[in-house]
Amino acid sequence: PYTGILISDKENVTLEGNGIVGHFHIGVYINNSKNVDISKVNFTGNEISIYSANSSGIIIDNNQFYTNIAGIRFYTIADSMISNNAFDSNDISSISLFDSRDNLIDDNVISSSLNGIFIDTKSTNTSLNSNHFTRSFGVDINIGNGGKFNDINNSISNNTCAISIPE
């Protein structure tokens with residue numbers, strides 16, 4: 001009941017659906033790994049659908065995240081991409097980055113999350129491009145709860161959102 005799929009100390013792993021990972025504390029846990037590609041998977045009813053730590057080269061694309069507490073959480077992740085995913089009704093956040101660098105979050109559709117995308121002030125060189133937000137009940141893009149945006153060297157462009165911090 002705790003972890004659905006564990007990828008630890010691995011390289012060059014592909015997890016491809018069509019399949020469902022659901023009702024776990026952590027759906028997929030990636031730790032200390034490199035070049036992991038997750039695509040075409042439906043994540044539903046998890047506390048955290050994908051939790052990744054101390055890894056690089058993570059590609060998460062063309063997945064669905066529905067009714068989770070948190071969709072994706074990255075901790076100390078580098079050179080990774082979250083792209084072309086659909087997020088709906090992920091309570092706390094759809095995508096969160098902590099102490100991460102050189103990541104791309106691109107062309108995702110995000111609805112009904114308290115924080116659509118959250119990036120802490122220790123994360124740098126993150127690009128948020130062409131993400132689409134609908135039915136917001138919180139903050140669409142949250143950069144460090146209003147922390148020093150200019151100091152963290154992130155790029156935000158062509159996103160459709162209603163509320164961001166900072167504005």
Side-chain angles (χ1 to χ4, degrees), residues 1-131 141-144 152-156:
Y2 300 106
T3 301
I5 298 169
L6 173 63
I7 302 168
S8 185
D9 299 310
K10 302 291 182 202
E11 289 188 25
N12 305 316
V13 175
T14 298
L15 174 61
E16 185 174 10
N18 291 333
I20 297 173
V21 175
H23 308 287
F24 292 100
H25 176 69
I26 298 173
V28 175
Y29 179 24
I30 304 164
N31 184 45
N32 198 34
S33 294
K34 186 175 180 180
N35 301 326
V36 175
D37 186 352
I38 300 173
S39 62
K40 301 176 187 168
V41 178
N42 180 348
F43 293 92
T44 185
N46 298 294
E47 286 187 37
I48 303 170
S49 286
I50 298 175
Y51 180 99
S52 186
N54 308 310
S55 299
S56 65
I58 308 300
I59 298 173
I60 300 172
D61 64 335
N62 296 302
N63 299 286
Q64 294 182 348
F65 297 84
Y66 181 70
T67 65
N68 303 287
I69 293 175
I72 298 170
R73 290 209 172 167
F74 276 5
Y75 291 87
T76 55
I77 301 300
D79 304 311
S80 296
M81 178 177 70
I82 300 169
S83 181
N84 297 304
N85 299 287
F87 297 86
D88 190 8
S89 302
N90 296 283
D91 296 339
I92 302 295
S93 65
S94 289
I95 301 169
S96 299
L97 273 66
F98 301 92
D99 198 15
S100 296
R101 62 176 173 79
D102 303 318
N103 295 297
L104 172 65
I105 301 172
D106 180 60
D107 203 28
N108 297 285
V109 176
I110 300 171
S111 64
S112 301
S113 290
L114 184 59
N115 287 283
I117 298 173
F118 176 84
I119 301 173
D120 77 340
T121 56
K122 292 182 180 181
S123 293
T124 59
N125 296 322
T126 300
S127 294
L128 284 80
N129 301 314
S130 302
N131 296 287
I141 298 174
N142 185 342
I143 307 293
I152 57 176
N153 198 24
N154 292 313
S155 167
I156 300 175

Any donor-acceptor pair under 3.5 Å from [X] side chain to [Y] backbone:
{"X": "Thr44", "Y": "Tyr66", "answer": "yes"}
{"X": "Ser8", "Y": "Leu6", "answer": "no"}
{"X": "Asn63", "Y": "Val41", "answer": "yes"}
{"X": "Ser93", "Y": "Ala70", "answer": "no"}
{"X": "Asn129", "Y": "Asp106", "answer": "no"}

So how far is it from [X] [atom1] to [Y] [atom2], rounded to the nearest 0.5 Å?
{"X": "Leu128", "Y": "Ser155", "atom1": "CG", "atom2": "OG", "value": "8.0 Å"}
{"X": "Arg101", "Y": "Asp79", "atom1": "CZ", "atom2": "CG", "value": "5.5 Å"}
{"X": "Ser100", "Y": "Ile77", "atom1": "OG", "atom2": "CD1", "value": "5.5 Å"}
{"X": "Asn115", "Y": "Ser96", "atom1": "CG", "atom2": "OG", "value": "6.5 Å"}
{"X": "Ile59", "Y": "Met81", "atom1": "CD1", "atom2": "CE", "value": "5.0 Å"}
{"X": "Asp99", "Y": "Thr76", "atom1": "CG", "atom2": "OG1", "value": "6.0 Å"}

Determine whether [X] and [Y] make a side-chain contact, defined as any pair of heavy atoms from C-beta on separated by less than 4.5 Å.
{"X": "Val21", "Y": "Ile5", "answer": "yes"}
{"X": "His23", "Y": "Asn68", "answer": "no"}
{"X": "Ile156", "Y": "Ile143", "answer": "yes"}
{"X": "Ile50", "Y": "Phe65", "answer": "yes"}
{"X": "Asn142", "Y": "Ile119", "answer": "no"}
{"X": "Leu97", "Y": "Asp120", "answer": "no"}
{"X": "Ile38", "Y": "Val28", "answer": "yes"}
{"X": "Asn54", "Y": "Asn31", "answer": "yes"}

Please evaluate residues Asn46 and Ile69 with respect to the criterion side-chain contact (heavy atoms from CB on, under 4.5 Å), reporting the C-alpha separation (whole Å), side-chain torsions for both, the decisive distance (0.1 Å), and the verdict.
CA-CA 7 Å; Asn46 298 294; Ile69 293 175; over 6 Å; no
Go through it in stages, so that I can follow the logic: the residues are Asp88 and Ser111, the test is side chain to side chain donor-acceptor pair (under 3.5 Å), and I'd like the CA-CA distance, side-chain angles, deciding distance and then a yes or no.
CA-CA 5 Å; Asp88 190 8; Ser111 64; 2.9 Å; yes
Asn131 and Asp107 have their tightest heavy-atom pair at OD1-N, 3.4 Å
Asn125/Asp102 under side chain to side chain donor-acceptor pair (under 3.5 Å): CA gap, chis, key distance, verdict
CA-CA 5 Å; Asn125 296 322; Asp102 303 318; 3.3 Å; yes
Residues that Tyr75 engages under ring-ring contact (aromatic ring centres under 6.0 Å, His included), provided they are two or more places apart
Tyr51, Phe98
Can you run down the salt bridge (charged side-chain N to carboxylate O under 4.0 Å, His left out) pairs that involve residues 60-69, sequence neighbours left out, and say none if there aren't any?
none
Start with the C-alpha distance between Ile105 and Ile95, add both sets of side-chain angles, then the distance that settles side-chain contact (heavy atoms from CB on, under 4.5 Å), and finish with yes or no.
CA-CA 9 Å; Ile105 301 172; Ile95 301 169; 3.8 Å; yes
Steps toward side-chain contact (heavy atoms from CB on, under 4.5 Å) verdict (Leu104, Ile82)
CA-CA 6 Å; Leu104 172 65; Ile82 300 169; over 6 Å; no
Counterpart residues, side chain to side chain donor-acceptor pair (under 3.5 Å), relative to Ser56 (two or more places apart)
none
Go through Thr3 and Phe24 one step at a time and tell me if the side-chain contact (heavy atoms from CB on, under 4.5 Å) criterion holds.
CA-CA 6 Å; Thr3 301; Phe24 292 100; 6.0 Å; no
Does Thr126 form a side chain to side chain donor-acceptor pair (under 3.5 Å) with Ser123? I'd like the steps, not just the answer.
CA-CA 7 Å; Thr126 300; Ser123 293; 5.3 Å; no
What do the steps show when you test Ser33 against Ser55 for side chain to side chain donor-acceptor pair (under 3.5 Å), and what is the final call?
CA-CA 5 Å; Ser33 294; Ser55 299; 4.8 Å; no
Are a donor atom and an acceptor atom from the side chains of Asn84 and Asn62 found within less than 3.5 Å of each other?
no
Pair Lys34, Glu11 - check salt bridge (Lys or Arg N to Asp or Glu O under 4.0 Å), show working.
CA-CA 5 Å; Lys34 186 175 180 180; Glu11 289 188 25; 5.5 Å; no
